[in-house]
Structures are given as C-alpha cells and as structure tokens.
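Before we start, here is the structure in question, set down as structure tokens.
To find a chain, count down the sequence lines: A is the first, B the second, and so on, and within it residues start at 1.
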There are 2 protein chains.
Amino acid sequence: MSGPARVTHASTRAAVLDLIRAAGVISRVGLAGASGLTGGTISTVVRGLIDEGLVAETGHAESTGGKRRVMLQLNHFARYAVGVHLDDARITCVLTNLGGAVVARISRARAGADDPATVVAAMAREVDAVIESAGVDRDRVLGLGLVSARPSAHDESGRLLERATGLPVVLDDDATAAAIGEHWSGGVGATATFAALYMGTGIGAGVVLGGTTYRGPSGHTGEIGHACLDVDGPRCRCGARGCLEVLAGPAAVVARAREDRALSRAAGLAGGRTRAAAPVAADFAAISRAARQGNPRAVALLERSARYVAAAARTLANLLDLEVLVLTGPSFAIAGAVYLPVLRAELDEAFIARDAHPVAVRLSPSAASAPAIGAAAIVLQSELVPRRQGLRLPDDLAADEPPVFRQAVR
Amino acid sequence: MSGPARVTHASTRAAVLDLIRAAGVISRVGLAGASGLTGGTISTVVRGLIDEGLVAETGHAESTGGKRRVMLQLNHFARYAVGVHLDDARITCVLTNLGGAVVARISRARAGADDPATVVAAMAREVDAVIESAGVDRDRVLGLGLVSARPSAHDESGRLLERATGLPVVLDDDATAAAIGEHWSGGVGATATFAALYMGTGIGAGVVLGGTTYRGPSGHTGEIGHACLDVDGPRCRCGARGCLEVLAGPAAVVARAREDRALSRAAGLAGGRTRAAAPVAADFAAISRAARQGNPRAVALLERSARYVAAAARTLANLLDLEVLVLTGPSFAIAGAVYLPVLRAELDEAFIARDAHPVAVRLSPSAASAPAIGAAAIVLQSELVPRRQGLRLPDDLAADEPPVFRQAVR
DNA sequence: CTTTCTTTGTTTAGCAACTGAAGAATCTCC
DNA sequence: GGAGATTCTTCAGTTGCTAAACAAAGAAAG
C-alpha cells in the first residue's frame with residue numbers, strides 16, 4: 001500500500017545536492033536510500049560534486065556490521081550568495097555561504113529618495129561592503145537575490161543592480177523568499193509542505209508544497225493579508241471587506257493603539273501626524289515592547305491581532321494541508337512571542353486534518369533577516385539547481401491550433 | 001526575458017496524450033511546438049499511440065506553404081472508465097470514454113443499510129448495469145474510480161468493489177475528483193491553475209495547480225468549508241469558530257429556513273424531525289426552487305450564503321493566484337444561478353491580482369455528476385499516465401540519519 | 001589469526017529516452 | 001515542371017539511469 005513515495009526533481013545532481021544540504025551530514029548509502037537512486041548512480045554523482053568542490057567527505061560513521069560509511073557534507077565555504085531585502089524603510093543585505101548560513105550582514109535605514117538610481121547606488125554600496133567585510137573572493141559569489149513586497153515594480157532596479165555589482169540578479173517576493181530561506185537552511189524537511197507567514201508592514205505568505213516553491217501563474221501567491229475574516233468588516237484598499245490586513249495587520253494595530261491615549265503615552269508612540277511606513281514599524285515595535293513589559297492594553301491589542309492571524313493561518317492550513325508553519329519577518333521578530341502561542345493553540349485544536357498529522361508552528365530563528373537570507377537562498381537554488389527540465393509550453397501556438405495553453409510564468 | 005516556460009510531466013507518452021486530449025485536434029508539428037520535444041520524438045511516440053489504438057489520424061490541415069499537417073485526435077471509444085460517486089444520499093455511476101464524455105449514467109438513492117457489503121453490492125449492480133446498458137466490451141474498461149467525501153473511510157469498500165467488479169479501483173476525494181473531471185473534459189486549459197468549488201452537503205475544493213492536481217501530504221486539501229469567516233462566529237464540529245460551512249453551508253441554509261415558518265410552508269420543507277443527510281439535500285433543493293420562483297425570503301437566504309461563499313472563494317483565489325474557479329456539485333447544480341453572479345462580482349472587484357489576470361468563474365455544465373465524471377477521469381489519468389517517475393523518499397531512514405524526510409503521500 | 005559474513009562503495013555493460021541532422025514525402029507557387 | 005517550404009521519418013549518438021559483478025573494509029565466530 002504505502003510503497004516508496006516518489007518526488008520528481010529538476011536533475012539528479014541537484015536532487016542529491018539538496019538531500020545533502022537538507023540532511024547536513026549523510027553517507028552515500030543514506031543518499032541512495034533517500035533518493036531511490038542506486039548506489040552506482042550516487043557514487044558517480046557524488047564524485048562529480050566532490051570534484052566541483054561543492055561537497056566534501058568528513059570522516060566515518062560507526063560500523064553497522066560492515067564497512068563504515070563515509071560521511072558527506074556540503075563544502076559550505078565553496079560558494080557564496082548575496083541576498084538583499086528592500087523594505088519600505090530599510091535595506092538589509094546578507095552574504096551567505098552554500099548552506100544558507102549568514103557570513104556577513106548589514107541593515108541600514110533607507111535614505112530619503114526613492115528613484116531607482118539612488119536606491120540601486122545604496123544597495124550596491126551595501127553589497128560591496130558585505131562581501132568585503134567577510135573577505136570573500138568575488139568569484140565565489142554566485143549571484144544576488146533582490147526581494148521586496150512588489151518585485152515586479154523593481155524590474156529596472158534589478159537590471160541596474162546587475163550592472164552596478166557585476167553579479168547576476170534574480171528578483172522575488174519577500175514572503176516567498178522567506179519561505180525558501182527557511183527551507184534552504186534546513187528548518188523544515190526537504191519535501192515538507194509548509195508556509196512562511198511573513199509579517200512586515202503588510203502580511204503575506206510564502207508557500208512551499210512538497211518541497212517545491214509555489215509561485216502561482218502570475219507570482220501573486222500567498223496573499224493571506226487579503227483573506228476575508230469578516231464579510232461585513234471594514235473596507236480594504238483591495239476593494240473587499242474584512243481583510244486580515246485591515247483587521248489585524250501591524251498598521252491596524254498601530255492605528256488602534258494611537259486612538260488609546262493611555263497606551264500612546266505609555267508606549268511613547270510617534271502619533272498620527274507623520275508619514276506612513278517608517279512610523280508604523282516603529283510604533284508597532286513600541287507597542288510590542290510595552291506588551292513585553294506587561295502593559296495590559298498593549299497585550300490585549302496584540303492578542304486581538306493574533307486571534308485574527310491565527311484564524312487566517314488555520315484557513316491556510318486547511319486549504320493546503322500544511323505540515324509546518326513558520327512565523328517570520330520583522331513584525332514577528334518583534335512580537336512573535338505573543339502570536340506564537342495563539343497560533344499554536346488554534347492549529348492544535350482546530351486544524352481539520354489534525355488526526356492525520358499536526359501542523360508544527362514555529363518562530364523563525366532569524367525572523368528579521370529571513371527575506372534577505374531567502375533572497376540569497378534563491379540564488380543558491382537557481383545557480384546550483386539547473387533549469388528545471390521538462391516539456392516546453394509555447395508563448396503562442398500556431399493560429400490554427402486551439403488556444404488551450406496559458407503562459408506559465410518563471 | 002520570458003523564454004518558453006517548461007512543465008515537468010510524468011512521461012513523454014502521457015504528456016503527448018494529454019496534449020492531444022487537451023487540444024482536441026492537433027498535428028505532430030503542433031505537438032512538437034507545444035511540448036518542446038523534437039519532431040523525431042513526437043513521431044515515434046505518436047506511432048506508438050496509434051499502434052495502441054489510443055490515437056487516430058483524422059484528415060489534413062490546410063497547407064501553410066508545404067506539406068499539409070496530418071491531424072491527430074484521441075480515439076475516444078478505444079477505452080472506457082467507470083466513475084462512482086458515493087454520496088450521503090445517492091450513488092451516482094457513470095461510464096465515460098477516453099475523452100471523459102459520459103456514455104452512460106445511473107443515479108439512484110442509497111438504500112437504507114450502511115455496512116460495506118450492502119453498499120458495495122449496490123454499487124456493483126449499478127456498475128454492471130451502466131457498462132451493459134452502453135454495450136461496451138468489459139475488456140475496454142480501464143478501471144473504476146470511487147469518490148466520496150472521506151475516501152479513507154471507504155478503504156474496505158474499495159477492496160470489496162474491486163473483487164465484485166473485477167475492475168481496478170482507485171479511491172479519491174469528491175471535490176478533487178470534480179476538479180480533475182473539469183480539467184480532463186477540457187473546460188480549463190491544460191496548465192491552468194484552478195479550483196473546483198464543490199458544494200454537496202458540505203463544502204470542499206479540489207485544487208489543480210499549473211495542470212497538476214494538488215492533494216497535500218495527507219490528502220486533506222481544499223477544506224474550504226473550514227475557512228474562517230468570523231472569528232467570533234458559531235462553533236463548528238471541527239473545533240473552530242465561524243467556519244464557512246457553519247455560516248453558509250447547505251445545512252446552515254436549511255436550518256435557517258426551517259426557523260422561518262412562512263418560508264417552510266411556502267417551500268414545503270421536510271421540517272426538523274427527520275434525520276440528517278437526505279432531508280438537508282431535499283430541503284436545500286426546495287429552498288432553491290422557491291428562490292427560482294421568486295420567493296424573496298428564499299432568495300435572501302441563498303444570497304446571504306453566497307456572500308460568505310464568495311468571501312471564502314476570494315480568500316482561496318488570493319492565496320493560490322487562481323485563474324479559474326468552477327462551481328460544481330449537487331448544491332451548485334441546483335442553486336448555482338444564485339451563487340454565480342455573487343462570486344463573479346466578488347472576484348471581479350476584489351481579487352488582489354486582478355491587474356495581472358482575472359479569475360474566470362464558471363458553473364460546471366454537469367455539476368450534479370461532476371464527481372462521478374471526475375472519478376472516471378482519475379482512472380483515465382492513472383491508467384494512461386504511467387506511475388510518476390522520480391526520486392524515492394523512504395518511509396523511514398536509517399536511525400543514524402537525521403529524520404529530515406516526511407512521507408509523501410500518493 | 002583465520003575464516004566467513006555483512007556492508008559500503010566502484011565499475012561496467014546495457015537499456016531507454018531523447019536530440020540533432022539528414023533525408024524522404026508532399027504540398028504551393030512561379 | 002522545377003524551386004522552395006513544410007511535414008514527417010529515420011538513424012546515429014548522447015545522456016542518465018539500472019543491474020550486477022566486484023573490490024574494499026570491517027565484525028563475528030572459530
């Protein structure tokens with residue numbers, strides 16, 4: 001009945017590399033068992049990886065009655081990748097090694113101007129600084145991942161940054177990047193079905209299904225910020241009513257807090273006069289601080305938000321049969337301690353398939369820089385995992401054929 | 001920038017067959033273009049399919065300046081499949097040809113007893129009847145798909161039915177089956193990302209992402225009936241509050257209608273005395289009839305339900321970046337006319353990625369028998385599309401390896 | 001210490017599926 | 001009735017895998 005399950009993969013080399021990364025340390029026999037490939041194939045593939053310097057042998061395991069297994073692991077410092085997270089308010093830049101571990105990190109508030117040239121110049125400076133500070137040979141840097149809330153809006157920045165740094169640039173969504181970062185750095189299993197719930201100024205989710213990142217036909221996946229939690233709720237900028245973001249996003253929490261005089265004073269909020277992005281983040285941090293220090297109004301506000309987020313998370317888990325949910329992003333980095341138990345309770349008690357398996361809810365160990373780390377991980381994936389082979393779909397078919405195909409993206 | 005997108009597939013033969021099915025009529029050159037394979041490969045694969053009798057040549061296309069293309073299409077009557085939908089109240093059984101078109105159909109109310117032996121005997125009778133009534137050679141029937149709301153509960157029935165009919169049986173979820181049915185019978189594109197919203201007694205969704213059915217790690221995907229639409233709503237049997245099913249499912253609609261004396265009389269409802277399943281379906285039908293005849297209270301009830309369903313559908317579309325949403329299942333077969341415009345409006349006005357692409361909302365042309373048709377389509381897929389090749393994941397790894405893998409299901 | 005058995009890892013031949021290029025067949029247009 | 005265009009087939013060659021034999025390294029038993 002439950003024979004060996006199978007998972008398609010881009011290429012054997014990439015699959016084996018991925019297994020080694022996910023396992024940390026593993027033997028050839030372990031790889032054969034885990035991949036379903038024969039020992040012979042593993043032998044050849046591993047030799048290639050060792051020749052390329054990507055993998056190294058690291059001692060022996062205890063004998064299980066015969067010859068001892070030679071253990072393998074990633075040669076973590078063979079290659080590097082840069083990840084840049086372009087937030088509303090900050091530029092965060094990391095350099096990671098092959099294992100996705102952060103080697104160097106810079107985070108700086110964004111200077112005033114918003115035109116691509118200025119932003120790109122700032123980013124390029126940080127990138128150079130981060131590579132230099134780690135003393136890494138530039139030839140060993142595979143590329144640069146640039147992630148933001150609306151990647152399509154930064155197409156030009158990407159091109160400019162490519163020229164400015166001399167590194168190949170890939171663009172992606174910050175929530176998706178965060179999910180890939182969690183996946184790559186091994187917190188979740190290689191074939192897990194999971195989501196990274198990302199809370200910055202807005203709320204989004206990166207989705208990985210059975211080990212494969214799901215981006216959707218137009219790259220607009222995981223818009224959990226616009227999950228409906230009240231059909232009669234307040235109107236949202238998306239046109240609908242009762243969206244999670246409007247009911248319980250950081251901006252909503254801050255707005256409510258500002259209406260509360262006592263809390264505003266106690267937490268030292270910036271008040272409603274100043275501009276949008278930066279103050280929201282700052283005030284949300286202030287509220288979280290107040291909550292940590294036991295201010296009951298702050299706690300109540302955050303717990304109210306958490307209830308909504310938990311309901312949306314449950315909806316997501318029920319729709320996708322999630323195994324793992326990781327909380328990440330700047331806002332969870334600050335207030336995760338409040339949200340975590342509420343989400344855990346909700347999913348323990350009300351996940352519909354809980355008899356089949358639980359949903360493990362975890363706080364990302366590096367929630368604040370998760371998108372940047374993920375951006376680097378995307379580079380590692382896209383450079384080390386060769387293009388996914390398969391069957392091409394045409395952008396357009398000959399006119400006499402019925403138009404049955406839609407364009408698949410990325 | 002946007003080069004030819006690629007899609008992985010189980011096997012070339014299956015991929016080509018799938019392309020032919022999706023296209024209806026297509027030439028070898030068309031297949032080469034659509035699949036990315038070379039003409040040579042297509043030539044050999046097609047010859048094999050023709051030899052097997054699955055595909056036939058059907059005349060020529062107009063010349064485009066050289067030799068005319070020989071057009072190919074499925075040999076629809078080369079093979080058949082049986083689909084059985086085991087509902088709370090009914091057994092629906094269809095025989096479809098290779099194209100997923102219904103050749104014969106029987107639907108009968110379930111007799112009283114619920115023990116597997118009795119149910120299987122009843123199903124086997126219907127299966128025999130449906131095959132015989134169509135005068136189809138039993139050797140040409142590939143197998144039988146048995147779908148229900150909780151397939152795992154019918155494991156034994158499956159085995160018994162296999163013995164009783166002599167046909168290989170596959171089990172699946174009714175909502176997933178409905179989605180596959182829509183996909184196979186060509187209503188949506190071959191690589192579409194879409195969901196089939198299934199409303200019977202409960203509400204579920206079958207999900208197809210980029211042409212591939214998504215079932216989730218434990219087969220519990222698309223539980224949209226337990227999407228939260230009111231964090232303070234009434235308690236649901238799943239343990240949570242404000243689930244779509246409790247707020248707006250057929251049972252909820254019927255319960256509200258029964259509280260309304262005037263409506264109960266006007267629609268001739270069965271009343272609250274009788275048992276659960278059958279009366280709910282009957283009363284929901286009665287309410288829908290009343291609505292069609294202009295009863296304002298009935299209309300209001302259904303429109304209220306539709307608002308909730310629409311909000312859940314929007315949530316689903318926003319999470320998965322859906323391109324198409326198909327309404328299907330017995331309840332939409334009856335009341336789809338009320339729900340359709342409400343869902344259309346919601347997704348036209350509030351789908352977050354509507355600037356990138358719309359979400360097409362459609363009513364299934366065969367909503368009542370969609371699960372049964374889908375059940376047959378699953379057989380067609382699983383028999384014609386050989387086992388998906390790839391890398392095996394172990395059920396268990398050696399004890400000394402870190403437990404990074406989870407079992408992938410189906 | 002020697003023998004036997006187990007387990008790990010490598011090598012080899014062979015198979016299946018695909019590509020690329022050459023060529024045959026069929027049609028249009030001049 | 002060529003010349004060129006297009007479709008389809010054929011075939012040699014490449015790739016990536018498996019199966020099976022083999023070599024190497026250790027454990028267990030005498």
Side-chain angles (χ1 to χ4, degrees), chain A residues 4 6-17 20 25-51 55 57-72 386-392 397-401, chain B residues 4 6 8-17 20 25-51 55 57-72 385-392 397-401:
Chain A
R6 279 170 176 274
V7 173
T8 46
H9 244 292
S11 83
T12 309
R13 195 193 85 115
V16 170
L17 195 63
I20 297 173
V25 176
I26 192 169
S27 69
R28 287 177 178 79
V29 175
L31 286 172
S35 65
L37 299 168
T38 57
T41 306
I42 293 293
S43 184
T44 337
V45 171
V46 167
R47 189 180 332 118
L49 292 171
I50 290 177
D51 287 351
V55 167
E57 301 188 334
T58 63
H60 298 265
E62 303 249 313
S63 169
T64 57
K67 180 174 172 179
R68 292 176 303 171
R69 299 177 174 189
V70 177
M71 303 309 279
L72 305 162
R387 316 275 140 256
R388 173 173 284 254
Q389 292 297 318
L391 302 177
R392 190 195 318 147
L397 275 173
D400 62 319
E401 308 289 352
Chain B
R6 281 172 175 271
T8 46
H9 245 292
S11 83
T12 309
R13 195 192 84 115
V16 171
L17 197 61
I20 297 174
V25 177
I26 192 169
S27 69
R28 288 177 178 80
V29 175
L31 286 171
S35 66
L37 299 169
T38 57
T41 306
I42 293 293
S43 185
T44 3
V45 170
V46 167
R47 189 179 332 119
L49 291 171
I50 291 176
D51 287 351
V55 167
E57 301 189 334
T58 64
H60 298 265
E62 303 248 316
S63 169
T64 57
K67 179 176 173 180
R68 291 176 304 171
R69 300 176 174 188
V70 178
M71 303 310 279
L72 305 162
V385 177
R387 318 274 139 255
R388 174 173 285 253
Q389 292 296 320
L391 301 178
R392 190 196 318 148
L397 276 173
D400 62 318
E401 308 289 350

Salt bridge (charged side-chain N to carboxylate O under 4.0 Å, His left out) contacts touching residues 35-46 of chain A (sequence neighbours left out): none
Distance in angstrom units between A:L37 CG and C:dT8 P, rounded: 16 Å
Whole-Å distance separating the CG atom of A:L31 from the P atom of C:dT8: 13 Å
Salt bridge B:E57-B:R69, side-chain N to carboxylate O under 4.0 Å: no
Rounded interatomic separation in angstrom, taking CZ from A:R13 and P from D:dT15: 15 Å
Distance test, side-chain N/O of B:R28 to OP1/OP2 of D:dT9, below 4.0 Å: yes
A:T58 side, atom OG1; A:I26 side, atom CD1 - distance, nearest 0.5 Å: 11.5 Å
Atom pair distance, as rounded to whole Å: CD in A:E62 and C1' in D:dA25: 15 Å
Considering all heavy atoms, the nearest A:R28-A:I42 contact: O-CG2, 3.7 Å
For atom CD of A:E57 and atom C1' of C:dT8, their distance in whole Å: 12 Å
Min side-chain heavy-atom separation A:V46-A:L72 under 4.5 Å: yes
A:I50 CD1 to C:dG9 C1', straight-line distance once rounded to whole Å: 12 Å
Within residues 38-46 of chain A, residues whose heavy atoms come under 4.0 Å of DNA chain D: A:T38, A:T41
Nucleotides 24-27 of chain C: which of its N/O atoms have a protein N/O under 3.5 Å away?
| from | atom 1 | to | atom 2 | distance (Å) |
| --- | --- | --- | --- | --- |
| C:dT26 | O2 | B:K67 | N | 3.4 |
| C:dC27 | OP1 | B:R68 | NH2 | 2.9 |

B:S35 side chain to B:L31 backbone, donor-acceptor under 3.5 Å: yes
Rounded distance (Å) that lies between atom P of C:dT10 and atom CG of A:D51: 12 Å
Spacing of CD1 belonging to B:I20 relative to CE belonging to B:M71, to within rounding of 0.5 Å: 10.5 Å
Candidate nucleotides C:dT7, D:dT6, C:dG9, ranked by approach to the side chain of B:T64 - the nearest: D:dT6
A:V16 side chain near A:L37 side chain, heavy-atom distance below 4.5 Å: yes
Euclidean distance, atom CZ of residue A:R47 to atom P of D:dG16 [Å, nearest integer]: 14 Å
Close side-chain approach of A:T38 to A:T41, heavy-atom, < 4.5 Å: yes
